Amino acid sequence: QVGYLKDQTRDSNLIFLNVSNPQFGLVAATSLFLRSEPNVESKAIEKLKTKDIVEILEESHSPISVNGKQGNWMKVKSKSQSIGYVFSPY
């Protein structure tokens with residue numbers, strides 16, 4: 001998520017810092033395959049569950065449509081240290 005930090009020690013001169021790149025993501029799908037390559041035909045490395053947290057390593061800058069959803073492929077690391085790709089809407 002993109003957001004701001006607020007310095008609550010000063011009321012008159014608030015300082016906001018832009019948080020532009022999250023480092024972690026939360027699996028929103030019931031189950032999600034961590035794939036070896038950024039496409040739906042590639043080998044599944046691991047099956048992730050709802051609310052699993054992944055570390056985001058990279059994100060493609062070319063949005064595509066998969067099963068009617070728009071998003072980007074993301075290179076992530078799971079809690080078991082597996083590295084692979086997931087589709088961002090999930």
Side-chain angles (χ1 to χ4, degrees):
Q1 292 197 12
V2 176
Y4 298 92
L5 299 174
K6 177 181 167 185
D7 181 354
Q8 295 184 356
T9 60
R10 300 180 195 167
D11 290 333
S12 59
N13 296 319
L14 297 178
I15 298 170
F16 291 91
L17 302 172
N18 192 0
V19 179
S20 59
N21 292 318
Q23 294 181 349
F24 297 93
L26 184 70
V27 174
T30 304
S31 66
L32 177 64
F33 287 116
L34 181 65
R35 298 196 174 271
S36 60
E37 299 293 327
N39 63 64
V40 294
E41 289 85 25
S42 66
K43 179 180 138 191
I45 299 171
E46 183 178 341
K47 189 174 182 179
L48 305 173
K49 297 178 289 219
T50 305
K51 297 184 181 178
D52 277 354
I53 295 173
V54 294
E55 181 180 355
I56 299 169
L57 304 174
E58 295 177 28
E59 182 175 3
S60 74
H61 295 288
S62 304
I64 61 166
S65 179
V66 172
N67 297 328
K69 292 193 182 262
Q70 285 288 117
N72 299 327
W73 283 100
M74 303 177 89
K75 185 176 183 179
V76 301
K77 184 191 304 184
S78 70
K79 65 182 175 184
S80 68
Q81 304 302 305
S82 297
I83 295 176
Y85 298 87
V86 295
F87 193 55
S88 63
Y90 303 107

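Fair warning: this is a prediction, and the values are worked out from it, not measured in the lab.
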- prompt: Do you reckon V76 sits in the same ILVMFWY cluster as F33, going by side-chain contacts under 4.5 Å, direct or chained?
  reply: no
- request: Tell me whether V27 is reachable from W73 by hopping between hydrophobic residues (I, L, V, M, F, W, Y) whose side-chain heavy atoms are closer than 4.5 Å.
  value: yes
message: Would you say that more than 12 heavy atoms from the other residues, nucleotides or ligands in this model lie under 6.0 Å from the CD1 of I64, or not?
response: yes
Spatial distance of atom [atom1] ([X]) from atom [atom2] ([Y]) [nearest 0.5 Å]:
X   : Y   : atom1 : atom2 : value
L34 : K75 : CG    : NZ    : 11.0 Å
M74 : L57 : CE    : CG    : 9.5 Å
L26 : L48 : CG    : CG    : 11.0 Å
Q23 : K77 : CD    : NZ    : 11.5 Å
F24 : E55 : CZ    : CD    : 5.0 Å
S82 : R35 : OG    : CZ    : 14.0 Å

field: Sequence neighbours excluded, every pair satisfying salt bridge (charged side-chain N to carboxylate O under 4.0 Å, His left out) that has a member inside residues 79-90
entry: D52-K79
Exercise answer: donor-acceptor pairs, residues 83-90 side-chain atoms, under 3.5 Å, sequence neighbours excluded:
{"from": "S88", "atom 1": "OG", "to": "N72", "atom 2": "N", "distance (Å)": "2.8"}
{"from": "S88", "atom 1": "OG", "to": "N72", "atom 2": "O", "distance (Å)": "3.2"}

message: For a quick check under 3.5 Å, do S62 and S60 share a side-chain donor-acceptor pair by atom type?
response: no
